[in-house]
Amino acid sequence: MTTTTTTDYNRWLDWLDGRQEAMLARLIQWSAINSGTRNIDGLGRMAERLTEAFTALGPATAEALPLPDGEEIGPDGAPRPVPYGRLLRFAFNPQANRRALMVIHYDTVFPADSPFQTPRLTDADTLHGPGVADAKGGICVILAAVEAFLRSPWGRDLGIEVLLNPDEETGSLGSAPLLVEAAGRAHFALLYEPALPDGTLAGARKGSGNFSVVVRGKAAHAGRAFHDGRNAVVALARVVGALHALNAERPTITLNVAKLEGGGPTNVVPDLAIARFNVRTESHADQHWAEDRLRALIADANATAEDGITVTLAGGFSRPPKEIAGRTAALYDWVKAAGGVLGQPIAWVPTGGCCDGNNLAAAGLPNVDTLGVRGGLIHSDREFMTVSSLTERARLSALLLMRAAAEGLPWEDGR
Ligand SMILES: [Zn+2]
């Protein structure tokens, strides 16, 4: 195999330097479109803009695949449908033998009625706005990197599938099956969650699951028939204490009781109470341990509760932990080497956060998941990104695509 030197790639990377202003203008437009998860109208408007931008690159296929509705426990304790919107899929060079998957979400955590809606530059290199880092900046990076790659002499030698999902911020419950399917078609994946402000990537990621405990009792008038009632709030309080105590049993998991609902007027014995909680794990063994302990805890709560009280558990783990080992470790080293060539020092740190990279890793696809823009304070109304990282990150990704096409992947024979 002939070795292609970095100088050969430079000409195509330098083209990206002239794209900075256009990338920023596009990001400002995209940030101003509210695409909070479940805001189906806003997600639809965003999907139209994205489809325009990616079809301009001439993909072999462009699809907007409707996701089936999900389900959640509503405030009445019963399951209700959750709409997710459409997953966008753009495929380039389907004839190529080597294939990359590029993934990021176009939903944000900011709902349609959030006060945080407007992007603004606070200095020449800092853009504040909803989704500017997480993860619309990352979509701008994918778009520019793919365009640079397609213009290069290697632009037909790598299959690229771009997937943009509308439901990541609530755990990708609707898009997960399509992501797993796409993982089976690709050799490696690049994901565009934001990097830390100094460019550090996320390494190992914890797994995560969301759960609801629903306690049903019996309503009664607190004055006239107190002893006929069965108090769901009091029963839930016991369960919540037991849930929190799991943190002390196993230091490698965290269980966060996040929200309690239940009760009403003070003269009514409450018949419904709900607790919502999140569990994070470091390993598959942690996940199995947590599933077993939760089952046992709910069984025990039912066995010891007063007659007329029932306790049920809904939810589950949607993100398995991601470990940096094997081909994933080789891919991180490969990205680090490319960063070195571009004068971008690249390091990575473990994180408690999780993303679609967890699920792709669990499906056996090596991936690096924080190749988006540099930024921070995500999920808050102070979210920002560093403007100069648009071209910086696009150069890195374009180099990765060209190298994959021209030189192959780090675990391939002949390297
Ligand atoms: Zn994100």
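Side-chain atoms are counted along with the backbone in the values below, which use heavy atoms only and exclude waters and symmetry mates. Both ligands and their constituent atoms are indexed starting at 1 by order of listing. From a predicted model like this one, the values you see are computed outputs, not experimental measurements.
Heavy-atom contacts from other residues, nucleotides or ligands closer than 6.0 Å to CZ of Arg120 number 12 or fewer.
Inclusion of Glu168 in the first shell of the Zn ion (ligand 1) is not supported: no N, O or S atom falls under 2.8 Å. At least one N/O/S atom of His105, from backbone or side chain, sits under 2.8 Å from the Zn ion (ligand 1). For residue Glu169, no N/O/S atom approaches the Zn ion (ligand 1) to within less than 2.8 Å.
In Asp134, the N, O or S atom that comes nearest to the Zn ion (ligand 1) is OD1. Nearest to the Zn ion (ligand 1), among the N, O or S atoms that Glu193 has, is OE1.
Of the possible polar contacts, one joining the Asn34 side chain to the Pro111 backbone as a donor-acceptor pair under 3.5 Å is found. Under the 3.5 Å distance criterion, the side-chain polar atoms of Asp107 are left unmatched by any main-chain donor or acceptor of Gly36.
Side-chain polar atoms of Thr391 and Gln20 form a donor-acceptor pair below 3.5 angstrom.
Residue Arg319 is tested with Asn359, Asn210, Thr281 for a side chain to side chain contact (heavy atoms under 4.5 Å, CB included); the sole match is Asn359.
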